[in-house]
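Naming: A, B, ... by sequence-line order, numbering from 1 per chain.
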Protein chains: 2
Amino acid sequence: MAETVAPGRVLPHPDREEIRLETVLHALSDPVRLRIVRELSTAADELSCSRFDLPVTKSTTTHHFRVLRESGVIRQTYRGTAKMSGLRRDDLDELFPGLLDALLAAAAGQHARLGEEA
Amino acid sequence: MAETVAPGRVLPHPDREEIRLETVLHALSDPVRLRIVRELSTAADELSCSRFDLPVTKSTTTHHFRVLRESGVIRQTYRGTAKMSGLRRDDLDELFPGLLDALLAAAAGQHARLGEEA
DNA sequence: CTCGTAGTACGAGGGATGTCAAACTACGAT
DNA sequence: ATCGTAGTTTGACATCCCTCGTACTACGAG
């Protein structure tokens with residue numbers, strides 16, 4: 001029963017109006033989190049946490065995903081044992097027009113410029 | 001001698017290629033610093049630190065301006081006893097096209113939306 | 001039911017950060 | 001030379017942040 005979505009566990013997300021620019025910028029100022037966001041932006045739809053190959057442990061990964069969610073950058077839902085994550089493009093574009101695209105372009109540009117290191 | 005610029009004291013600035021997106025975002029994730037940058041963006045030319053009416057002490061102000069300078073967001077030079085600050089628009093636009101404008105627009109939008117509090 | 005996998009919770013450690021006060025330096029004006 | 005203004009430096013303090021390991025919970029498969 002219950003569709004593909006909606007398990008017992010619920011994840012708190014800030015409403016769109018609650019999203020603050022400073023908090024978003026702080027969330028994206030960490031290399032690991034910026035990398036997560038970049039990968040999410042290139043994915044067609046949502047990804048599970050375990051699809052990322054990050055240079056940190058599981059608990060640290062959980063921490064970073066939570067920071068991203070609580071800042072309003074990503075949306076997360078459970079699907080079985082997996083936790084799916086996706087960018088909150090709609091809300092961010094509405095709140096800060098052009099910002100997400102500029103940020104992603106900047107991140108991509110820096111990545112291309114500096115090579116594979118970061 | 002010596003023109004209106006160039007005193008004995010020199011301030012270290014990162015080269016354009018050394019500016020990192022994560023560091024810039026971190027610099028802008030502080031409310032006080034974001035406010036400084038917003039004020040600088042509306043000014044015709046450079047401003048001295050004392051032109052800002054910030055809710056922190058002088059030493060904290062010094063700290064915030066240094067973070068902004070070392071992250072590559074602003075450029076600072078001494079002119080007499082005053083320290084002039086201005087946005088590094090040219091370098092930032094070259095490095096991250098559209099980012100600064102999107103950030104400033106986002107900050108202005110949030111300010112308008114939330115009123116005078118922050 | 002039992003097991004394995006995905007992710008969480010709870011400290012804890014170590015470093016960075018924002019804040020301040022107090023003493024200090026640099027420069028211009030008188 | 002003296003003073004005042006602008007900004008710096010240093011040290012301290014509280015807090016936050018990233019990281020980890022270990023123990024834990026939730027769900028699906030067999």
Rounded to the Å, how far apart are [X] [atom1] and [N] [atom2]?
X     : N      : atom1 : atom2 : value
B:E46 : D:dG7  : CD    : P     : 13 Å
B:K83 : C:dA26 : NZ    : P     : 14 Å
A:L11 : D:dA26 : CG    : P     : 13 Å
A:E22 : C:dT17 : CD    : P     : 18 Å
B:M84 : C:dC27 : CE    : P     : 16 Å
B:L68 : C:dG18 : CG    : P     : 10 Å
B:R79 : D:dG7  : CZ    : P     : 12 Å
A:R51 : C:dT5  : CZ    : C1'   : 15 Å

Short side-chain N/O contact to [N] OP1/OP2 from [X], under 4.0 Å:
X     : N     : answer
A:T62 : C:dA9 : no
B:Y78 : D:dT8 : yes
B:R66 : D:dG7 : no

Side-chain contact test, heavy atoms from C-beta onward, threshold under 4.5 Å: evaluate it for B:M84 versus B:S48 and give yes or no.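 They are in contact (side-chain heavy atoms under 4.5 Å apart), so the answer is yes.
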
Within the structure provided, determine whether B:L95 and B:D91 are in side-chain contact (heavy-atom separation under 4.5 Å).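 Not touching, per the 4.5 Å side-chain cut-off.
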
Can you give one letter per nucleotide of nucleotides 12-24 of chain D, 5' to 3': B if a protein heavy atom sits under 4.0 Å from the base, S if only from the sugar-phosphate, - if neither? -----SSBBBB--

Once side-chain hydrogen bond (donor to acceptor under 3.5 Å, both in side chains) is applied, do any residues pair with A:D30, and if so which ones, sequence neighbours excluded?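 By the side-chain hydrogen bond (donor to acceptor under 3.5 Å, both in side chains) rule, A:D30 matches no residue at all.
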
Partners passing side-chain hydrogen bond (donor to acceptor under 3.5 Å, both in side chains) against A:R38 (at least two apart in sequence or in another chain):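 For A:R38 the side-chain hydrogen bond (donor to acceptor under 3.5 Å, both in side chains) partners, ignoring immediate neighbours, are A:H111.
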
With sugar-phosphate meaning primed atoms plus P, OP1 and OP2, does B:T61 contact a base, only sugar-phosphate, or nothing at under 4.0 Å between heavy atoms?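 Result for B:T61 = nothing.
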
For A:R20, which of A:E18, A:E22, A:E17 qualifies under salt bridge (charged side-chain N to carboxylate O under 4.0 Å, His left out)?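 Of the listed residues A:E18, A:E22, A:E17, the salt bridge (charged side-chain N to carboxylate O under 4.0 Å, His left out) partner of A:R20 is A:E22.
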
Candidate pair A:D53 and A:R35, rule salt bridge (charged side-chain N to carboxylate O under 4.0 Å, His left out), full reasoning: CA-CA 10 Å; A:D53 185 32; A:R35 176 164 157 179; 5.2 Å; no

Residue pair A:L103, A:L34: steps toward the side-chain contact (heavy atoms from CB on, under 4.5 Å) verdict: CA-CA 10 Å; A:L103 282 166; A:L34 188 56; over 6 Å; no

